[in-house]
Amino acid sequence: MPVTAAAPHTHWSPDFDALRRQDPELAGLVLAELERQSTGLQLIAAENFTSPAVLAALGSPLANKYAEGYPGARHHGGCELVDLAERAATGRAKALFGAEHANVQPHSGSAAVLAAYAALLRPGDKVLAMGLRHGGHLTHGSPANFSGRWFDFTGYGVRRDTGLIDYDEVRALARELRPRAIVCGSISYPRHIDYAAFREIADESGAFLIVDAAHPIGLVAGGAAPNPVPYADVVCATTHKVLRGPRGGMILCRGELAGRVDRAVFPFTQGGAQMHTVAAKAVAFGEAAAPAFTAYAHQVVANARALAAALAAEGLAVTTGGTDTHLITTDVSGLALEASTARGRLAAAGIVLDVCGLPHGTAHGLRLGTAAVTTQGMREPEMARIGALIGAVLRGAGQDGGLRGEVARLAGSFPLYAPYPAHI
Ligand SMILES: Cc1ncc(COP(=O)(O)O)c(C=O)c1O
């Protein structure tokens, strides 16, 4: 769509100077956060640095538009152009993942899961999902979440000896419980999931298969992880992790479930779509379809493997002995440290990561991911250095702040938004 007329307001772009002039307090916070992101090592597995193009779509006048409903069937007028943006987003998502239907309106990953349950389940239905201690997400049956309150969840887990999903246990539980749905997907499982095995188990017990691919969906887009779409009834995902889009959710499904899924998103669980985010999702899907993203996704995995090896060399116990993905979990109890103490020490050195539950026992561990540092352009040599830095900090080195400077120098050699090298 060519832009012809000069816009009456041309100062809509996300321009720090405009923000600084009008609201120095908030501009200062934004700049300080940019500084924090740029001078530390961001190893939170669910985060990434989205591109300037995605940020431009997020900070665009599409944020002004109300658009309840779907393209061609809106409850508001003036939706002709945002309809095109949503059609671009759904078309690109379908092509990227080989899906018959895509809904790009969920405001978050949790909203996508809520809508998937609303599409397929009734309150009180039995659902089999990964136990929370073993890596299930809050939306997989936590009593603190709608899922645990409204559905009857049973958890499956990972094997004590290998840390891998116990498919025999999943099959046995499915036969016994005959759940209405089986959910697979995790916040911390570092290995590929055998979607064909889950499909077989779901078919045997007459259950729907819901894949919550919030974490690996970006690797799927880049061909670095198996695609759940051919196996699942419904795939839920986030767009902001390895996929590197705006914060948000998405649902992919077979054509025959399209109506149920769409009605479950709007009007059942959400109101108006956020069209600036929908447009930014379209931009991200476009970026993810480019060959450079395939290289990026494979590098994310290569970096995670290198980092896992470096952590193991520092004496940390890496769960499952390594990773197939962007994600690593590790037990720090061998260093006589609580995970929260370890996270605090690392944060003081500018290394930012999460604490996570570990299966079989009460200890917590650390969860790391390589999506963000790979976007910065770091590769295996930097992962080896990061592993050594983590080992040194956890053993008590640099508590006088000595390693903070080295972390800042390493991060600063791979600048985020100038001159934008890594994104396209
Ligand atoms: C497996 C899984 N499902 C759902 C979500 C929820 O996503 P959001 O935080 O966008 O609601 C996450 C977030 O990390 C996740 O890892």
Side-chain angles (χ1 to χ4, degrees), residues 42-48 50 54 58 103-119 127-142 144-148 151 153 155-158 165 181-193 195 198 209-220 225-226 228 232 234-252 264-265 269-270 273-274 277-278 280-281 284 300 304 323-329 352-357 359 365-372:
Q42 309 305 327
L43 297 174
I44 289 184
E47 291 184 355
N48 208 335
T50 198
V54 167
L58 280 175
N103 187 309
V104 294
Q105 293 193 5
H107 298 327
S108 68
S110 300
V113 178
L114 171 61
Y117 295 169
V127 185
L128 185 57
M130 195 172 223
L132 302 194
R133 188 82 209 173
H134 290 245
H137 183 255
L138 286 169
T139 53
H140 303 172
S142 163
N145 180 264
F146 70 86
S147 54
F151 303 103
F153 271 84
Y156 58 84
V158 298
I165 291 174
I182 298 176
V183 179
C184 69
S186 167
I187 61 169
S188 56
Y189 191 66
R191 297 294 182 172
H192 292 322
I193 290 177
Y195 299 120
F198 269 103
L209 179 61
I210 299 173
V211 175
D212 183 354
H215 270 278
I217 196 74
L219 298 177
V220 175
V234 171
V235 175
C236 308
T238 54
T239 49
H240 49 270
K241 296 186 170 80
V242 185
L243 190 49
R244 216 162 58 182
R247 304 200 66 79
M250 152 175 81
I251 300 180
L252 306 166
V265 175
T269 58
Q270 288 189 179
Q274 300 189 351
T277 309
V278 166
K281 288 173 186 173
V300 166
T323 182
D324 296 329
T325 65
H326 61 301
L327 237 159
I328 302 157
T329 61
V352 186
L353 42 65
D354 289 321
V355 164
C356 68
L366 299 179
R367 183 185 73 154
L368 305 79
T370 52

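Treat the numbers as computed from the prediction; the structure is a model and nothing was measured. Sequential numbering from 1 along the given sequence is applied to the chain's residues. For ligands, and for the atoms within them, numbers begin at 1 and follow the listed sequence.
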- Exercise check, heavy-atom protein proximity under 4.0 Å to atom 9 (O) of ligand 1: no

- Message: Looking at A304, is its backbone amide N or carbonyl O close enough to the side chain of T323 to form a donor-acceptor pair, meaning the two atoms are under 3.5 Å apart?
- Response: no

- Item | atom 5 (C) of ligand 1: nearest protein contact (heavy atom, Å) | H137 NE2, 3.3 Å

- For the residue pair Y156 and F198, does the interplanar ring angle fall in the parallel (under 30°), tilted (30 to 60°) or perpendicular (over 60°) class? tilted

- Rounded to the nearest 0.5 angstrom, the OH-OG1 distance for Y117 and T139 is 5.0 Å

- Ligand-residue contact atoms, ligand 1 with H215, heavy atoms, under 4.0 Å: 16 (O)

- Item | Where ligand 1 meets S108 - atom numbers and elements under 4.0 angstrom, heavy-atom basis | 10 (O), 11 (O)

- For atom 14 (O) of ligand 1, which protein heavy atom lies nearest, and how many Å away is it? K241 NZ, 2.9 Å

- Message: So if I count the atoms of ligand 1 from 1 in the order they appear, which ones are less than 4.0 Å from some heavy atom of S110?
- Response: 6 (C), 7 (O), 8 (P), 11 (O)

- Query: Hey, which atoms in ligand 1 end up nearer than 4.0 Å to a heavy atom of G109?
  - Reply: 6 (C), 7 (O), 8 (P), 10 (O), 11 (O)

- Can you check side-chain contact (heavy atoms from CB on, under 4.5 Å) on V235 and I251, steps first, answer last? CA-CA 6 Å; V235 175; I251 300 180; over 6 Å; no

- Note on the structure: Note: ligand 1 atoms sitting under 4.0 Å from heavy atoms of H240 are 10 (O)

- Message: Using a 4.0 Å cutoff against the non-hydrogen atoms of S186, which atoms of ligand 1 qualify?
- Response: 1 (C)

- Message: Surrounding CZ of R133 (heavy atoms of other residues, nucleotides or ligands, distance under 6.0 Å), is the total greater than 12?
- Response: yes

- Message: How long is the straight-line distance from CD of E47 back to NE2 of H240, given to the nearest 0.5 Å?
- Response: 9.0 Å

- Message: Check for me whether R247 has a heavy atom closer than 4.0 Å to any atom of ligand 1.
- Response: no

- Output yes when a side-chain donor or acceptor of K281 lies under 3.5 Å from a complementary backbone atom of V104, and no otherwise. yes

- Query: Using a distance-only test with no angle check, is there a side-chain donor-acceptor pair under 3.5 angstrom linking D212 and H137?
  - Reply: no

- Query: For ligand 1, does A214 get within less than 4.0 Å through its side chain, its backbone, both, or neither, judged by non-hydrogen atoms?
  - Reply: side chain

- Query: Looking at D212, which atoms of ligand 1 are within less than 4.0 Å of one of its heavy atoms?
  - Reply: 1 (C), 2 (C), 3 (N), 4 (C)

- Query: T238 heavy atoms, cut-off 4.0 Å: which ligand 1 atoms fall inside?
  - Reply: 7 (O), 10 (O)

- Just by distance, do the side chain of Y189 and the backbone of I165 share a donor-acceptor pair under 3.5 Å? yes

